[in-house]
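All ligand and atom numbering here is 1-based and tracks the order in the structure.
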Amino acid sequence: MNAHLSKPLAVITGASSGIGAATARTLSDLGHPLLLLARRIERLQALGLPDTLARSVDVTDADAVAAAVQEAEALYGPADLIVNNAGVMLLGAVVKQPADEWQRMFDVNVRGLLNGVRAVLPGMTERNHGTIVNVSSVAGRKSYPNHTVYSGTKFAVHGMSESLREEVSQHGIRVITIAPGAVETELLSHTTDETVKADYQAFKDSIDVLTPEDVAAAIGYAYQQPQRVTLREIVLAATAQAA
Ligand code: NDP
C-alpha cells in the first residue's frame with residue numbers, strides 16, 4: 001500500500017496560495033492524502049503533491065464542495081480533517097466600501113466555511129471521529145482600523161467554532177480555531193482601497209511577519225495531538241506585531 005494511504009484524508013480549502021498551500025505541504029509531508037480546493041486549479045496542481053485530488057471549487061457553492069469531498073472519499077477513504085482556510089480580506093471603511101465587498105467576505109469567510117463543515121460533518125458524526133480546523137484571525141478577537149467587515153466575519157468564525165464544538169464534542173470531533181496575526185501571503189492584494197492597502201503593506205514591511213509555514217506548523221501540531229486533546233484556539237502572531 002502507498003505510504004500516504006495509511007493515513008486518513010485531509011481536506012484543505014483555499015489551498016492555492018498562502019497558508020492553505022503551506023498546510024497542504026505540511027499535511028502531505030505527514031503522510032496524508034489530500035483534497036485541495038480553490039478556484040485556481042493550476043495553482044493546486046502546481047503543488048505537485050502525491051495522493052492528492054485537486055478540484056476547482058468555489059467554497060460558496062455548497063453542492064460543489066460536497067461533491068468534491070465525496071469524490072475524494074471514494075478515492076482515499078473518509079475525511080478525518082478539514083482545514084477551512086479559504087478567505088478574503090477586503091479592508092476599508094464601511095462608509096466608503098462597496099456593499100458587494102461586504103457580501104463577498106461574508107459569503108466566503110462565513111458561508112463558505114459552513115459549507116466545508118457540512119460536507120464532512122455527517123461522516124465524522126457517524127464515525128465518532130474527526131477534526132475541524134477553522135482559520136480565523138487575530139481580527140476575530142479584537143478590532144483594527146479598516147477591518148470592520150472582515151473582523152465581523154472572523155468574529156463569526158470564532159463564535160461558530162465555539163458553538164459548533166458544543167454540537168460535536170459528544171461525537172469525539174475536535175473543533176480548533178487558528179487565529180494568526182499578519183502573515184506574508186496574497187491576502188492583502190485583493191483589497192481595492194489603494195491607500196488602505198499601502199498603509200497595511202507598510203505595516204507588514206516594518207516587521208518580520210509570520211510565514212505561511214509558521215501557521216501550517218501550528219495546524220499540523222494541533223492535529224497531531226491525541227484525539228482526546230483539543231487545542232481549542234491557537235493565537236499566533238509575529239513577535240514584533242504589537243497589536
Ligand atoms: P491568500 O490570499 O494567499 O489565500 C486565500 C486562499 O483562499 C486562496 O487559496 C484562494 O484561492 C482561496 N479562496 C478565496 N476565495 C475563494 C472562494 N470563493 N472559493 C474557494 N477558495 C477561495 O491568503 P492567506 O493564505 O493569508 O489566507 C488564508 C486564510 O488565512 C484566510 O481565511 C485569511 O482570512 C486567514 N488569515 C490570514 C492572515 C494574513 O495576514 N495573511 C492573518 C489572519 C488570518 P483561489 O483564489 O484560487 O480561489
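Counting heavy atoms from C-beta on, the side chains of V183 and P212 come closer than 4.5 Å. Considering only heavy atoms from C-beta on, L187 comes within 4.5 Å of Y150 through its side chain. A 4.5 Å side-chain heavy-atom check between L47 and T52 finds every atom pair outside the cut-off. Looking at P8 and P78, their side chains never come closer than 4.5 Å, going by heavy atoms from C-beta outward.
Of the candidates L187, L236, L210, L37, L187 brings a heavy atom nearest to atom 38 (C) of ligand 1. Across the listed options A38, S136, S16, S16 owns the non-hydrogen atom lying nearest to atom 9 (O) of ligand 1. The residue from A179, G18, G87, G181 that puts a heavy atom closest to atom 5 (C) of ligand 1 is G87.
Remark: E194 engages K197 in a salt bridge, criterion side-chain N to carboxylate O under 4.0 Å.
For ligand 1, the polar-atom distance check against T60 finds no nitrogen or oxygen pair separated by under 3.5 Å. Looking at G14 next to ligand 1, an N or O pair under 3.5 Å apart turns up. In terms of N/O distances under 3.5 Å, ligand 1 is approached by I19. Considering backbone and side-chain atoms alike, E186 places an N or O below 3.5 Å from some N or O of ligand 1. Polar contact with ligand 1: absent for S137 (N/O pair, distance under 3.5 Å).
Residue R43 does not touch ligand 1, judged by heavy-atom distances below 4.0 Å. Of all the heavy atoms of A15, the ones lying under 4.0 Å from any atom of ligand 1 belong exclusively to the backbone. In N85, the parts holding a heavy atom less than 4.0 Å from any atom of ligand 1 are both the side chain and the backbone. By the criterion of a heavy-atom distance under 4.0 Å, neither the backbone nor the side chain of N109 is placed next to ligand 1.
Closest to atom 36 (N) of ligand 1, if we only count protein heavy atoms, is Y150 OH, 3.8 Å. The protein heavy-atom contact nearest to atom 3 (O) of ligand 1 is S17 OG, 2.7 Å. In terms of protein heavy atoms, atom 39 (C) of ligand 1 is closest to V183 N, 3.5 Å. The protein atom (non-hydrogen) at minimum distance from atom 43 (C) of ligand 1 is P180 O, 3.2 Å. Ranking protein heavy atoms by distance to atom 18 (N) of ligand 1, first place goes to D58 OD1, 2.9 Å. Summary of contacts: the protein heavy atom closest to atom 21 (N) of ligand 1 is A86 CB, 3.6 Å. In terms of protein heavy-atom proximity, atom 14 (C) of ligand 1 is nearest to R39 NH2, 3.6 Å. The nearest protein atom to atom 26 (O) of ligand 1, hydrogens excluded, is given as T185 OG1, 2.6 Å; this is a heavy-atom distance.
The A182 neighbourhood of ligand 1 comprises atoms 40 (O), with distances under 4.0 Å to a heavy atom of that residue. Of all atoms in ligand 1, listed by their number and element, those nearer than 4.0 Å to a heavy atom of V57 are 19 (N), 20 (C).
Ligand 1 lies out of reach of P212, whose nearest heavy atom is not under 4.0 Å from it. Using a non-hydrogen distance threshold of 4.0 Å, K154 registers as a contact of ligand 1. Residue contacts with ligand 1 include V135, since one or more of its heavy atoms lies under 4.0 Å from the ligand.
A donor-acceptor contact under 3.5 angstrom links the side chains of D80 and Y223, judged on distance only. Between the side chains of T26 and D29, no donor-acceptor pair of N or O atoms lies under 3.5 Å. R111 and T60 are not linked by any side-chain donor-acceptor pair at a separation below 3.5 angstrom, with hydrogens and angles left out of the test. Counting only N and O atoms by type, the side chains of H158 and S136 include a donor and acceptor under 3.5 Å apart.
Taking OG1 from T177 and CD from E233, the interatomic distance works out to 6.0 Å, rounded to the nearest 0.5 Å.
Judged by distance alone, with hydrogens and angles left aside, the side-chain atoms of S137 form no donor-acceptor pair with the main-chain N or O of A179 at under 3.5 Å.
Contacts of E184 classified as salt bridge (Lys or Arg N to Asp or Glu O under 4.0 Å), with partners at least two apart in sequence or in another chain: K204.
Screening R40, E186, R43, E42 for a side-chain hydrogen bond (donor to acceptor under 3.5 Å, both in side chains) involving S16 leaves a single residue, R40.
Through direct or relayed side-chain contacts under 4.5 Å between Ile, Leu, Val, Met, Phe, Trp and Tyr, V235 connects to V138, Y144.
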Passes side chain to side chain contact (heavy atoms under 4.5 Å, CB included), L210 versus V215? Steps please.
CA-CA 8 Å; L210 296 177; V215 183; 4.2 Å; yes
